[in-house]
There are 2 protein chains.
Amino acid sequence: MKRKVTLKQIARELDVSISTVSKSLRNSPEISEDTKLKVQAFAKLYNYRPNNIALSLKNKKTKTIGIIIPEIVHHFFATVISGIEQVANENGYNVIVCLSNESFDKEVINMEMLATGSTDGFIMSLSKETQQKKDFHHIEEVINQGMPVVMFDRITNDVLCDKVIIDDQRAAYEAVDFLIAKQFKNVALVTTVDYVSVGKLRTDGYVNALRDHDLPVEDDMIVKIEDIENCASKIEKLLLEKKPDAIFAVNELFAVTSIKLATKMGIRVPEDLSVIGFTDGIISQFSSPSITTVSQNGIKMGGRAAQMLIDRLELEEENEQYTTELIETHLVERESTSTL
Amino acid sequence: MKRKVTLKQIARELDVSISTVSKSLRNSPEISEDTKLKVQAFAKLYNYRPNNIALSLKNKKTKTIGIIIPEIVHHFFATVISGIEQVANENGYNVIVCLSNESFDKEVINMEMLATGSTDGFIMSLSKETQQKKDFHHIEEVINQGMPVVMFDRITNDVLCDKVIIDDQRAAYEAVDFLIAKQFKNVALVTTVDYVSVGKLRTDGYVNALRDHDLPVEDDMIVKIEDIENCASKIEKLLLEKKPDAIFAVNELFAVTSIKLATKMGIRVPEDLSVIGFTDGIISQFSSPSITTVSQNGIKMGGRAAQMLIDRLELEEENEQYTTELIETHLVERESTSTL
DNA sequence: GAGGGTAACGCAAACGTTGTCGTGTTGAAA
DNA sequence: TTTCAACACGACAACGTTTGCGTTACCCTC
C-alpha cells in the first residue's frame, strides 16, 4: 500500500525545499527549467495530487456546495440535485447532500454541521416543519457568517437571499384555465395544507382562475391533505358528493391517488373525469392513464440555483442585491384529460 | 456580518494562549476551573465551533463518505443514498455525492477528485461503461492508497473489497418460479444486455428456473434491451409472435413498458398476460395495474454499505478479510399477475 | 577588485486545530 | 533555607499547501 505522496516527501527525495517543489509544479518562473522538469517528472511518476483539505484550509474555500433538502427519494428533488451536481461539476465544485427528513431539528443540525468549514455555501429547500414553525435563525446565521444561501422551491420571504422558484400561482392558474377552456364547470382541487408554501400558491392560482371565469369557489371542492396515508376518505367523499368533472392536484401523488380512487369507484378517467397533476415525474409518465401535468424542470432549477450560488461565491465584493428567479413551466398533455 | 470565531481570536480577547483555549473547551484537567468557565462562557457566547477543515487536516480524517453512482434520478439509487445518509449521519459522517452518468471517464475523474483528501472512503455502484470496459484501475488505486471501498448493486468480482448486493439470481429464480407455479407455460424475459452484471444474473435465474421445471428455454422468448428509447419494436415483436402468457422483466421500466405496449395491442394485463418486475419503486406502486415485483430494499442496502464502510474506517488495524453481504428480497404481489 | 544585478532557491508565515513538552509559580515538606 | 511536587499555563510542532521575501552564488561592468 503506497500512501498519498506529499510535497514534503518529494522535497526530501529530490533534496530540494518544499517551496521549490511547489513552485516547480505550479510552473513558477523563479525555478530553473532543469529543476522544474525533474520535479514534474517525479511528481507525475508518484501521481502527486495536492491535498484538497490543505488547500481548503489555506484558501478558506472548500469548493463544496452544501445541499439540504427534505428528502431524496422524491423524483423532483432528485432531478434538482442532478441539475446542481452537473453545474457544480463543470465549475469544479463538489456537492455534499444532507436530508432533513422534513424535520426542523435535523435541518438545523445539518446546517450547523456544514457551516463550520465544510462548505462554501448552501442550496436548500425548506422542510415542512421549518415552514410551519417559521423559524429561520439557522439560515440567517450562516448568511451572517458570510456564506451565501440559495433557496429553491420551498422558500420563505422572511429570509433575504437568492431564490429559484417556479411561478406556482401562475402555473396552477394556467392548468385550471386549461380545464375551464375545455368547458369543465366543476373543477375540484386536491392540495396540501396551507403552510406548505408551494401548496398555498397553487391553491391561490386555482382560486384566481375560477374567479376570473366567474365560476364559484366552493370550499367543498377543495380537499387539503396533510398526510398522504389517510387521504382516501377525503377524496372519495369529494368524488361521491361533489361529482367534479375535473380535478387539479398540486402534485403527482395526489393526482395518481385521485385517479386510482376514481377508477375504483367506477369513474372513468378521462371519460368521466379529467385530472391534471403537478411535477412531471415518473408517476405521471408511466401510470395508466398517463397524467397531464404541469412540468417543472428540476434539472434547470437545480442548475440555475447552482449557478447563482457559484456566481456569488466567485464574486469578490459583496453584493447585497438578491434576486428571485422564475423557472418557466409548461403543461404536458397526456391521457388523463379528455380531448373534447 | 460576524465571521466565524477561531481559537486564536478567543485567545486574544481573553488574553490567554491558544492552547489554553483549546484545552479549556475540551475540559482538560490541566486548566483551572476558573479559566475553563471563563473560556467556555466566551466560546458559547460567540458560538464557537471547531473548524472541520482544520480538524480534517490534523486528524487525517474527513468524516466524509464519497458516493459515486451512475445517476440519482432513479428511485433505487435514491433510496440507497437515503439509507447511506441515515447511517452516516448517526455516526457523524457526511456524504458527498458524485454522479458518473454511466460514463467511465466521469467515474474516474470523480474518484480521483474525492480521493485527494476529500473523503475517507467510498460507496459506489459501477457505471455501465465501466462494467463494459472492465477497467477498474481507479478503484484499485484508491484502495491501494488505503481508502476503503464498498461496492453495491452493480459490482465486479475483479476488485477485492466489501460488497453489498441482493442475490439477483435467486430473486429472479423465485419470481419465475412463482409464475410457473401459477401454471404459466410461456414465460418470456425482458432483460438488459449481458454486460450489466445484475441483468446477467437475473437472466441466469430465469434460465435456471425454466430448466429446473423442464421447460424449454427459447432465445426468442428473451428480449435484451440496450436502450430503453428504442425497445418498443422488440417487445411488440415478442408479444405478437411468441404470445407469452407471462413476462418477467428485470426492472420496473421494462415491466411497465411491456404492460403499456401489451395494453395498446389489446392484450389485457393480468387477464391475458401476467407481468413481474424488479425493484419496488414508484412505478410499480402507482401504475395501473400496479405491478407485482421483486422488492429490493435500497434503504437497507445503503445502510449496510455505510455500516460496513464505517466499521472498516474506525478499525485501526487493517483487515484483509472482505465480505460480500446479501440483502434479502421478497416478492410483492400486486395487480399485474393473475390470481388463478 | 569593488559594486551591482540576477538567477535559483530556501525560509517562514499563514490557515485552525490538538497535544506534548517545557516553564514558571506556589506551597509544603525536610 | 532548600527541595520538590503540584498546578496552571504557554511555546511549539504537526497536518499539507502557497507565496512573499530573504539569501545565496555567480557573472558582468567599470
Side-chain angles (χ1 to χ4, degrees), chain A residues 3-40 42-43 46-64 92 113-120 145-146, chain B residues 3-40 42-43 46-64 92 113-120 145-146:
Chain A
R3 285 232 89 91
K4 299 209 63 60
V5 60
T6 68
L7 288 184
K8 191 191 283 190
Q9 292 166 32
I10 299 183
R12 202 179 317 159
E13 291 289 325
L14 261 44
D15 207 36
V16 290
S17 77
I18 296 181
S19 342
T20 304
V21 177
S22 175
K23 287 170 185 168
S24 297
L25 294 176
R26 324 203 96 245
N27 231 324
S28 158
E30 264 187 277
I31 307 297
S32 72
E33 282 304 317
D34 273 9
T35 312
K36 275 199 261 191
L37 286 177
K38 195 174 59 178
V39 172
Q40 285 166 4
F42 193 92
Y46 281 88
N47 199 25
Y48 170 79
R49 296 268 182 282
N51 183 303
N52 283 332
I53 298 291
L55 285 179
S56 297
L57 184 58
K58 179 135 190 53
N59 302 333
K60 290 167 154 274
K61 290 198 178 162
T62 61
K63 286 284 207 170
T64 301
M113 180 99 176
L114 296 189
T116 62
S118 300
T119 62
D120 294 341
Q145 288 173 359
Chain B
R3 284 231 91 90
K4 298 208 63 61
V5 59
T6 68
L7 289 183
K8 191 190 283 190
Q9 292 167 31
I10 299 182
R12 202 178 318 158
E13 291 289 324
L14 262 42
D15 206 39
V16 292
S17 77
I18 297 181
S19 334
T20 304
V21 177
S22 173
K23 285 169 188 166
S24 297
L25 295 176
R26 324 205 96 244
N27 231 324
S28 157
E30 262 187 278
I31 307 297
S32 72
E33 283 303 317
D34 274 8
T35 313
K36 274 198 262 192
L37 286 177
K38 194 175 58 178
V39 171
Q40 284 166 4
F42 193 91
Y46 281 87
N47 199 23
Y48 169 80
R49 295 266 182 284
N51 183 300
N52 283 332
I53 298 292
L55 284 179
S56 297
L57 183 59
K58 177 131 190 58
N59 303 334
K60 291 167 154 272
K61 288 200 179 159
T62 61
K63 285 285 205 169
T64 300
M113 179 100 177
L114 296 189
T116 63
S118 301
T119 62
D120 295 340
Q145 288 173 359

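Chain A is the first sequence line, chain B the second, and so forth, proteins listed ahead of strands; every chain is numbered from 1. None of these values were measured; they are calculated from a predicted model.
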Exercise for review: Decide yes or no, distance alone: a donor-acceptor N/O pair under 3.5 angstrom between the base of D:dA8 and the side-chain of B:Ser32.
Suggested key: no

Check your understanding: D:dG16 P sits how many Å from A:Arg12 CZ, rounded?
Key -> 10 Å

Check your understanding: Any side-chain heavy-atom pair from B:Asn51 and B:Thr6 closer than 4.5 angstrom?
Key -> no

**Study point:** Any N/O donor-acceptor pair, A:Lys58 side-chain to C:dG16 base, under 3.5 Å
**Key:** no

Review point. Under a 4.5 Å cut-off applied to non-hydrogen side-chain atoms, are A:Leu7 and A:Leu25 in contact?
Key: yes

Review point. Side chains of A:Ile53 and B:Thr62: does their closest heavy-atom pair fall under 4.5 Å?
Key: yes

Exercise for review: Nearest whole angstrom, please: distance from the C1' of C:dC9 to the NZ of A:Lys38.
Suggested key: 11 Å

Exercise for review: Look at the side chain of A:Ser19 against the base of C:dC11 and say whether a donor-acceptor pair falls under 3.5 Å; ignore hydrogens and angles.
Suggested key: yes

Review point. Expressed in angstrom and rounded to an integer, what is the separation of A:Leu57 atom CG from D:dA14 atom P?
Key: 17 Å

Study note, to complete from the structure: Among the nucleotides D:dG16, D:dT19, D:dC9, whichever has the atom closest to the side chain of A:Asn51 is D:dG16

Check your understanding: Of the candidate nucleotides C:dC9, C:dT17, D:dC9, which contains the atom at the shortest distance from the side chain of A:Thr35?
Key -> C:dC9

Point to revise | Comparing B:Lys36 and A:Tyr48 on DNA chain D - which has the more 5′ nearest nucleotide | key: B:Lys36

Practice item. Identify which nucleotide among D:dG16, D:dT18, C:dC21 has an atom closest to any side-chain atom of A:Arg26, counting heavy atoms from C-beta outward. Key: D:dT18

Review point. Are side-chain heavy atoms of B:Lys23 and B:Val39 found at a separation under 4.5 Å?
Key: no

Review point. When you measure from the side chain of B:Ile31, which nucleotide among D:dC9, D:dT17, C:dT17 comes out closest?
Key: D:dC9

Study note, to complete from the structure: Of A:Val5 and B:Glu30, the one whose nearest nucleotide on DNA chain D sits closer to the 5' end is B:Glu30

Review point. So what does A:Leu7 touch, heavy atoms closer than 4.0 Å: a base, only the sugar-phosphate, or nothing?
Key: base

Check your understanding: Does any non-hydrogen side-chain atom of B:Asn47 lie less than 4.5 Å from one of B:Val5?
Key -> no

Review point. Atom CG of A:Leu14 and atom P of C:dA8: how far apart are they, to the nearest Å?
Key: 17 Å

Review point. With a 4.5 Å heavy-atom cut-off, do A:Ile10 and A:Glu13 have their side chains touching?
Key: no

Revision key, fill the gap. Here the distance between atom C1' of D:dC9 and atom CD of B:Glu33, to the nearest Å, is 15 Å

Check your understanding: Can a side chain N or O of A:Lys60 be found less than 4.0 Å away from OP1 or OP2 on C:dA14?
Key -> no

Exercise for review: Describe the nucleic acid contact of B:Ser22 in one word from base, sugar-phosphate, nothing, applying a heavy-atom distance below 4.0 Å.
Suggested key: base

Point to revise | Spacing of A:Lys61 atom NZ relative to C:dC15 atom P, expressed in whole Å | key: 16 Å

Exercise for review: Whole angstrom is fine here: how far is it from CD1 in A:Ile53 over to P in D:dT18?
Suggested key: 14 Å

Review point. Which of these nucleotides, D:dT17, C:dG16, D:dC9, is closest to any side-chain atom of A:Ile18?
Key: D:dT17

Exercise for review: Quickly work out the A:Asn59 CG to D:dT18 P distance and round it to whole Å.
Suggested key: 8 Å

Practice item. Name the nucleic acid region contacted by A:Lys23, choosing base, sugar-phosphate or nothing; use a 4.0 angstrom heavy-atom cut-off, strictly under. Key: base

